[in-house]
Amino acid sequence: MEAVSQTKGLLSHPSKPIIRAFYPIPQGGLRHRFNSLKPKSLEGLSLSSDGFQKVQSFSTKPQLVGQKNRFFPICRAEAAAAADGEPVLEEKESPKFMGIEVVTLKKIIPLGAMFFCILFNYTILRDTKDVLVVTAKGSSAEIIPFLKTWVNLPMAVGFMLLYTKLANVLSKEALFYTVILPFIAFFGAFGFVLYPLSNYFHPTALADNLLNILGPRFLGPIAILRIWSFCLFYVMAELWGSVVISVLFWGFANQITTVDEAKRFYPLFGLGANVALIFSGRTVKYFSNLRKSLGPGVDGWAVSLKAMMSIVVGMGVAICFIYWWVNHNVPLPTRSKKKKEKPNLSTMESLKILASSKYIRDLATLVVAYGISINLVEVTWKSKLKAQFPSPNEYSSFMGDFSTATGIATFTMMLLSQWIFDKYGWGTAAKITPTVLLLTGVGFFSLILFGDPLAPTLAKFGLTPLLAAVYVGAMQNIFSKSAKYSLFDPCKEMAYIPLDEDTKVKGKAAIDVVCNPLGKSGGALIQQFMILTFGSLANSTPYLGGVLLVIVLAWLAAARSLDGQFTALRREEEIEKEMERAAVKIPIVSQDESGNGSLTSDSSSLNPTGGDSASASTESSSPSNL
């Protein structure tokens, strides 16, 4: 037909259709869609009641007298979908490799390689930043809470403001290079210029004078001035995690992948992240042990630092190359221009939402409690780690083993997490992380506070109280982080699902605005208060242990309360779905006198166009009327 079929109800034709004969197309083309009138009993093909073969979008019209080999394609109701603009002919399938489209592989493989390089660098930088600021002369682990609050947080806010301005004037590709290249340049310059010359521009004498005037309780703030270039490295390493991973990589991944591809392959990125953690941990371990093969008088840590920063620069160049290749060789998916609005809540509005809903309050308690708990134990553990391993090379070597163990534990927990959710449910999964923190935290602080009475027993195992505390603290960090990535984060996101849309969107926005920063900075603020009040981190340890106990118990209580509310909401949701299914009126198949089946229903909504729909149904089921 020349005219295009239009839809009314099921299907209707133009008022005066012009019928033209279609002759068989020789060898190929559309011939497979116009079959002879002889019934065939091939597998996968069905026959109508009159013996004519059914095809996807056309049915053949019987020959009239005096006509030979003439075919009339008749549009059926099955072709109604074509009226939406979709082609009647099936599109040629795109080539596949191992069941995955080649176009998809051209996205996922480079993204996986980019993610591996980014996380490989992040593990090296994360371990190195702690070595620099904790083991430096005139510094200690007490610098970390002050550094996070008064240096890291302002620079992060400043960077995001600058990023927002740049995003308005630069293209996405130019923005990516503008952000990542300064990171690569800085880390290269630090290893080969800033660290070797640090003794010349660090104000050591000024810091010593301030320390004599203010006293040892201000060791942390003064150390920021004393080793400012190391603190700058610390902040840049922290920003690599939040900017390059969260903003650049995931923004790029969301830009070039579809929703179906994301659902299928994003979980694999989580497993790949832990593989990168394992390999980078081994790399840190190897270069940290170079000191043993160097001669006397050689700064072993400077040699190790140059080697590791060279790897960071090389990985950074590889990231830029992969990004360039994907942008020039992979087509971008089409996106809908309609965007979902996210509420822009002020801090006071967020606090009101948190206070008005018990469910959101309990969820907020989980987020804040984790941030505070992990900070309280981690800083105290790093102070003991420095006491056990005062040399930068020894400290870095231990951190390499720590990163490898964290990667293995997290990889294993991710594989087990699905079984835990299926076997024991949301409530048990939500309680595992605080339980692990509580048990290992009690063991860690007990060894610090009551280590002397336990010394004879520990000596039988070749351990000192300090070394035992370091190992137990490492276990606490490894298991709590692996439980966080594999169980706590999924539990937190699942808790939003049964909420109504308004509470879900506003509650999540409130937690992002208030609870995440409060959890991260809360532990640092508590430690700063303790250090300034009791004089040092060591004197504050008993009180930090008590604070940790109270916070974890509140965490467990909130998880128990949230479990009951979550289960009740899920039950209500299932009941509502059952009621909706029961209310749906199902069409009934009836037969007319000629034996042809037709759909009938007592609901007028199934026949919105009245006679047009009925006539279309009759014509499609009874070709003899044609």
Side-chain angles (χ1 to χ4, degrees), residues 124-156 158-159 182-240 284 287-288 290-291 294 296-310 312-313 379 382-383 385-387 389-397 399 524 527-528 531-532 536-537:
I124 293 177
L125 296 173
R126 184 181 59 189
D127 293 345
T128 304
K129 70 180 176 60
D130 289 334
V131 175
L132 286 169
V133 300
V134 173
T135 64
K137 185 178 180 180
S139 180
S140 69
E142 295 178 8
I143 191 178
I144 293 177
F146 295 95
L147 194 54
K148 285 185 175 181
T149 304
W150 306 111
V151 181
N152 190 30
L153 183 60
M155 286 195 66
F159 176 85
F183 281 97
I184 299 171
F186 172 80
F187 293 129
F190 184 86
F192 289 89
V193 179
L194 292 179
Y195 183 81
L197 300 178
S198 59
N199 292 331
Y200 295 98
F201 50 73
H202 281 174
T204 305
L206 175 61
D208 290 338
N209 293 332
L210 290 175
L211 188 62
N212 292 331
I213 297 172
L214 299 176
R217 69 181 60 196
F218 288 93
L219 174 66
I222 294 173
I224 296 175
L225 175 64
R226 181 191 298 272
I227 54 171
W228 65 266
S229 66
F230 297 175
C231 294
L232 183 60
F233 183 95
Y234 186 99
V235 172
M236 292 293 285
E238 287 280 332
L239 288 177
W240 178 276
V284 172
F287 286 108
S288 298
L290 283 179
R291 177 69 183 89
L294 299 175
V298 179
D299 188 349
W301 176 239
V303 174
S304 301
L305 190 63
K306 287 180 181 179
M308 289 189 288
M309 291 305 103
S310 298
V312 169
V313 172
V379 175
K382 288 177 180 177
S383 69
L385 192 57
K386 181 188 177 180
F389 302 108
S391 166
N393 287 87
E394 294 176 347
Y395 192 108
S396 180
S397 177
M399 291 302 293
Q527 289 167 335
Q528 291 176 52
I531 291 170
L532 296 177
S536 67
L537 190 61

Student: Would you find a donor on one side and an acceptor on the other, under 3.5 Å apart, between the side chain of K386 and the backbone of V134?
Tutor: yes
Student: Over all heavy atoms of both residues, which pair between V379 and P145 is shortest? Give the atoms and the distance, please.
Tutor: CG1-CD, 4.1 Å
Student: Checking M308 against D127 for the side-chain contact (heavy atoms from CB on, under 4.5 Å) test, could you report, in this order, the C-alpha distance in whole Å, the side-chain angles of both residues, the deciding distance, and whether it holds?
Tutor: CA-CA 11 Å; M308 289 189 288; D127 293 345; over 6 Å; no
Student: Please check this pair: side chain of S310 against backbone of K306, looking for a donor-acceptor N/O pair closer than 3.5 Å.
Tutor: yes
Student: So, for L219 and G138, which heavy atoms are closest and what is the spacing to 0.1 Å?
Tutor: CD1-O, 3.4 Å
Student: Heavy-atom distance under 4.5 Å between the side chains of I213 and F218, does that happen here?
Tutor: no
Student: Check whether any side-chain heavy atom of F287 sits under 4.5 Å from a side-chain heavy atom of L305, and report yes or no.
Tutor: no
Student: Is the ring pair Y195/F190 parallel, tilted or perpendicular, if the boundaries are 30 and 60 degrees?
Tutor: tilted
Student: List the atom of V313, the atom of G188, and the distance in Å for their closest heavy-atom pair.
Tutor: CG2-CA, 3.7 Å
Student: Please tell me whether S396 and S288 have a donor and an acceptor in their side chains that are separated by less than 3.5 angstrom.
Tutor: yes
Student: Where is the tightest heavy-atom contact between I227 and L132, given as atom of each residue plus distance?
Tutor: CD1-O, 4.5 Å
Student: Could you grab the distance from atom CG of L206 to atom CG of L211, nearest 0.5 Å is fine?
Tutor: 11.0 Å
Student: Taking all non-hydrogen atoms of both residues into account, name the closest pair between T149 and Q528 and its distance.
Tutor: OG1-NE2, 2.8 Å
Student: With side-chain contact (heavy atoms from CB on, under 4.5 Å) as the test, would you mind laying out the steps for L210 and R226 before giving the verdict?
Tutor: CA-CA 10 Å; L210 290 175; R226 181 191 298 272; over 6 Å; no
Student: Starting at CG of L290, measure out to CG of N393 and round the result to the nearest 0.5 Å.
Tutor: 8.0 Å
Student: Measure across S229 and H202 and return the closest heavy-atom pair with its distance rounded to 0.1 Å.
Tutor: OG-NE2, 2.5 Å
Student: Test side-chain contact (heavy atoms from CB on, under 4.5 Å) on I224 and I143 and set out the steps.
Tutor: CA-CA 7 Å; I224 296 175; I143 191 178; 3.8 Å; yes
Student: Rounded to the nearest 0.5 Å, what's the gap from CH2 on W301 to OG1 on T128? Could you check?
Tutor: 4.5 Å
Student: I need the S139 OG to L147 CG distance, nearest 0.5 Å.
Tutor: 9.0 Å
Student: Just wondering, do Y395 and D130 contact through their side chains at under 4.5 Å, heavy atoms?
Tutor: yes
Student: Would you please test F233 and L125 for side-chain contact (heavy atoms from CB on, under 4.5 Å) and show each step?
Tutor: CA-CA 9 Å; F233 183 95; L125 296 173; 3.8 Å; yes
Student: Any chance you could measure I222, atom CD1, to L214, atom CG, to the nearest 0.5 Å?
Tutor: 5.0 Å
Student: Counting C-beta onward and ignoring hydrogens, is there a side-chain heavy-atom pair between S397 and F389 closer than 4.5 Å?
Tutor: no
Student: Are the side chains of E394 and T135 in touch, meaning some heavy atoms are under 4.5 Å apart?
Tutor: no
Student: CD/E142 to CG/L532 distance, rounded to the nearest 0.5 angstrom?
Tutor: 9.5 Å
